[in-house]
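Report on the structure given below.
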Amino acid sequence: MTALDALHAAPAEVRAAALDLLDAVSAPLTERQLVTALRQGGLGLLEARRVARGLRKLDLIAVTRR
């Protein structure tokens with residue numbers, strides 16, 4: 001059974017809760033959240049703001065370090 005099959009087979013309350021959780025964690029990052037993530041990755045404030053400004057038209061849901 002795949003994860004999607006399990007979601008379809010789950011009770012309505014479980015399905016609604018799972019979809020709410022997925023919606024929350026997959027919401028696009030705001031420009032401020034991008035700046036914070038980029039700063040934690042080692043960029044300075046001005047550089048992080050410039051990069052975030054350039055990325056704001058993209059719907060990014062995660063920024064991680066390698």
Side-chain angles (χ1 to χ4, degrees):
M1 177 182 287
T2 67
L4 189 57
D5 292 336
L7 183 61
H8 284 299
E13 309 84 43
V14 172
R15 193 170 43 248
L19 292 174
D20 285 342
L21 180 61
L22 285 171
D23 204 31
V25 298
S26 66
L29 297 172
T30 65
E31 191 171 333
R32 178 176 285 172
Q33 290 170 319
L34 278 171
V35 168
T36 300
L38 293 167
R39 299 273 329 266
Q40 290 172 350
L43 294 181
L45 179 59
L46 293 177
E47 188 176 14
R49 284 182 178 167
R50 281 190 218 115
V51 171
R53 206 171 302 122
L55 295 174
R56 69 180 167 202
K57 294 192 184 253
L58 301 176
D59 287 336
L60 298 173
I61 60 170
V63 178
T64 62
R65 294 177 73 181
R66 289 189 204 204

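Keep in mind that this is a model prediction, so the values were computed, not measured. Index from 1, following the sequence.
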What pairs of donor and acceptor atoms, side-chain ones from residues 28-36 against any protein atom, are under 3.5 angstrom apart with sequence neighbours left out?
{"from": "T30", "atom 1": "OG1", "to": "Q33", "atom 2": "N", "distance (Å)": "3.1"}
{"from": "T30", "atom 1": "OG1", "to": "Q33", "atom 2": "OE1", "distance (Å)": "3.3"}
{"from": "Q33", "atom 1": "OE1", "to": "T30", "atom 2": "N", "distance (Å)": "2.7"}
{"from": "T36", "atom 1": "OG1", "to": "R32", "atom 2": "O", "distance (Å)": "3.1"}

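- Cluster annotation: L60 and L38 are assigned to the same hydrophobic cluster (Ile/Leu/Val/Met/Phe/Trp/Tyr, side-chain heavy-atom contacts under 4.5 Å, transitive).
- Remark: T2 OG1 to H8 NE2 distance equals 8.0 Å, nearest 0.5 Å.
- R56 CZ to D59 CG: the interatomic distance, rounded to the nearest 0.5 Å, is 13.5 Å.
- Both L58 and L43 are members of a single hydrophobic cluster when ILVMFWY side chains are connected at heavy-atom separations under 4.5 Å.
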